[in-house]
Asks: 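Sharing a structure here in structure tokens format.
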Amino acid sequence: MTADGAPGALLARHRAVLPSWLDLYYERPLELTHGVGRHVWDAEGNRYLDFFGGILTTMTAHALPEVTAAVTAQAGRILHTSTLYLSRPMVELAERIAALSGIPDARVFFTTSGTEANDAALLLATAYRRSNQILAMRNSYHGRSFSTVAVTGNRSWSPTSLSPLQTLYVHGGVRSRGPYAGLGDADHIAACVADLEDVLAQTAGGVAALIAEPVQGVGGFTSPPDGLYAAFREVLDRHGILWISDEVQTGWGRTGDHFWGWQAHAGNGPPDLLTFAKGIGNGMSLGGVVARAEVMDAMSAHSISTFGGSPITVAAGLANLTYLLDHDLQGNARRVGGLLLERLRAVAAGSDLVREVRGRGLMIGVELVRPGTDEPSAEAASLVVEAARERGLLVGKGGQGGACLRIAPPMTLNVAEAEEGAELLAGALTGARERLAFA
């Protein structure tokens, strides 16, 4: 029961005052009231194993004591100042992120979200290059603002064709579908590079930047072969084009093998700009851009941020980052994520709903299809998400048309919880298959 006295009362109030396009999961949407570790509870007292972390945002754990203590202590001092004043916590977090980024002579600008971080990166790149032409990946997602929608290559999340940018979409973000899916990795990379060269040959020149997610998040946790963006970088460098790595979902060690997603493509060094958000604040509104000074300082006008890098959000970020590094959560993502991926592939082997289980670390996609076909099935995904919720497991959705399950638990996930989650998902797949057969 909700505080309103009936499960549907809060939903009715939500629909009365909030936009119709604001997505809600589940036929009976959940009101989550509290969480601890990798678990959350709803207003009716049901407990769930959280395998989505508020869209990859609860990076370490729900109610992590170190973050809670940092936020409480900062709230007792001062909540807000703005960037018009010096901020010791903001400087300290910027120093740590600049050092971790791998970008030489790095500067950091804080924002309140990943959308705003990518928006700022696009502003910087177009100002630096004096061009509004942007390269983006097909099937990509970079945010909900006017400029980030303009570089999103996923029609499910592109509400308008109007754009302040001229966007050119290239191949490479999806390995197992599309015209190059049947090629080996080396040939796949070569084909994508040839496509990039061909696209650039059609432009008037002066493209500002390529923006790319090392692992596409909303796109269904798809990724190219390692080394693709290094190969792209050779082409970009010849043309003076900047590389923006969108690390909003892949950063901070979530992929296990690397601290940043770009490091799987590190042949020519770090990107020119790196964006981050989500997990660093562990639920607080914190994001940002890292760029080398030459690019960051190319802005010719004054600017500030009212809320970016606020004392309370960067206090949370500092505590969260310290915990992540001190407890080697990247290593945990690699070890436990590898186990979870293995278990999910074993589960999927027995289901004709599953086309592919992919990912790395604690960033795993399960692509679902209509049984007996290679056709992505959003219906199957919705049924599995519902069946998982009924069994006490929360997972996300994504991919083309919403046919992929997105699994990204907090990075403190332990082996027992990984085993439990895989078992619950196995039951959900079976339950969903039975409903499809009945339908």
Side-chain angles (χ1 to χ4, degrees), residues 7-8 11 23-32 38-42 44 46-56 139 154 156-157 174 176-177 216-222 337 339-359 362-410 413 416-439:
L11 176 59
D23 281 354
L24 284 169
Y25 274 1
Y26 308 114
E27 293 177 6
R28 294 187 305 107
L30 288 175
E31 179 191 359
L32 298 180
R38 277 70 56 197
H39 291 87
V40 291
W41 284 258
D42 68 16
E44 299 175 56
N46 299 306
R47 177 177 178 263
Y48 304 92
L49 180 58
D50 185 4
F51 265 31
F52 202 35
I55 320 178
L56 291 82
N139 196 50
N154 185 321
S156 298
W157 296 90
V174 182
S176 64
R177 287 193 182 274
Q216 294 184 330
V218 170
F221 292 169
T222 63
L339 170 71
L340 180 57
L341 187 63
E342 179 183 299
R343 293 291 187 270
L344 291 177
R345 283 177 172 156
V347 164
S351 175
D352 60 0
L353 287 181
V354 181
R355 175 181 183 269
E356 181 181 29
V357 179
R358 56 181 175 246
L362 287 172
M363 196 172 185
I364 300 171
V366 180
E367 185 179 339
L368 303 180
V369 292
R370 189 163 59 86
T373 76
D374 197 44
E375 177 188 333
S377 175
E379 179 188 11
S382 293
L383 287 172
V384 174
V385 168
E386 290 282 355
R389 176 258 181 95
E390 292 168 4
R391 289 161 173 79
L393 177 70
L394 304 185
V395 298
K397 287 189 296 183
Q400 286 288 348
C404 181
L405 306 180
R406 296 169 66 200
I407 295 170
L413 186 78
E417 291 162 341
E419 298 275 14
E420 178 189 0
E423 184 177 345
L424 291 172
L425 190 62
L429 285 166
T430 300
R433 184 67 180 88
E434 291 171 353
R435 291 183 190 181
L436 276 174
F438 178 77

Asks: Check Arg28 with Glu44, please: is the shortest side-chain N to carboxylate O separation under 4.0 Å?
Replies: yes

Asks: What are the two closest non-hydrogen atoms of Ala408 and Leu56, and how far apart are they?
Replies: CB-CG, 3.5 Å

Asks: Where the side chain of Arg406 meets the backbone of Gly220, is there a donor-acceptor pair that is under 3.5 Å apart?
Replies: no

Asks: For a side-chain contact (heavy atoms from CB on, under 4.5 Å) with Phe51, tell me which candidate from Leu394, Leu425, Leu413 qualifies.
Replies: Leu413

Asks: Do the side chains of Phe221 and Gln216 get nearer than 4.5 Å, heavy atoms only?
Replies: no

Asks: Quick one: does Ile407's side chain get under 4.5 Å of Leu340's, heavy atoms only?
Replies: yes

Asks: Would you call Arg435 and Glu390 a salt bridge, using N to O less than 4.0 angstrom?
Replies: yes

Asks: Check Ala380 against Leu436 and note the closest heavy-atom contact, atom names and distance.
Replies: CB-CD1, 4.1 Å

Asks: Take a 6.0 Å sphere around CD of Glu375 and say whether it holds more than 12 heavy atoms from other residues, nucleotides or ligands.
Replies: yes

Asks: For the atom pair CG (Leu341) and CE (Met363), what is the distance rounded to the nearest 0.5 Å?
Replies: 13.0 Å

Asks: Going by an N to O cut-off under 4.0 Å, is there a salt bridge joining Arg177 and Asp374?
Replies: yes

Asks: Closest approach of Ala381 and Gly402, non-hydrogen atoms and distance?
Replies: CB-O, 3.3 Å

Asks: Supply the atom-to-atom distance Glu420 CD to Leu49 CG, rounded to the nearest 0.5 angstrom.
Replies: 5.0 Å

Asks: Can you tell me if CG on Leu30 sees more than 12 non-hydrogen neighbours from other groups inside 6.0 Å?
Replies: yes

Asks: Taking the side chain from Thr373 and the backbone from Val369, do they hold a donor-acceptor pair closer than 3.5 Å?
Replies: no

Asks: Can you give me the closest heavy-atom contact between Ser176 and Arg355, atom names plus distance?
Replies: O-NH2, 2.8 Å

Asks: Could you tell me whether the side chain of Pro371 reaches within less than 4.5 Å of the side chain of Leu353, counting heavy atoms only?
Replies: yes

Asks: When you measure from the side chain of Asp50 to the backbone N and O of His39, does any donor-acceptor pair fall under 3.5 Å?
Replies: no

Asks: Do side-chain atoms of Tyr25 reach the backbone of Lys397 as a donor and acceptor pair under 3.5 angstrom?
Replies: yes

Asks: State, to 0.1 Å, how close Asn154 and Gly399 come at their nearest heavy-atom pair, and which atoms those are.
Replies: ND2-O, 4.2 Å

Asks: Which residue, Ile364, Val385, Val357, Val354, forms the side-chain contact (heavy atoms from CB on, under 4.5 Å) with Leu405?
Replies: Val385

Asks: Can you tell me how far apart CZ (Arg47) and CH2 (Trp41) are? Round to the nearest 0.5 Å.
Replies: 5.5 Å

Asks: Evaluate the side-chain proximity of Leu368 to Glu379: yes if any heavy-atom separation is below 4.5 Å, no if none is.
Replies: no

Asks: Is the shortest heavy-atom distance from the side chain of Pro410 to the side chain of Arg38 under 4.5 Å?
Replies: yes

Asks: Considering only heavy atoms from C-beta outward, does the side chain of Leu424 approach that of Arg391 to under 4.5 Å?
Replies: yes

Asks: Locate the shortest heavy-atom distance separating Gly219 from Asn139; write the atom from each residue and the value.
Replies: O-ND2, 3.1 Å

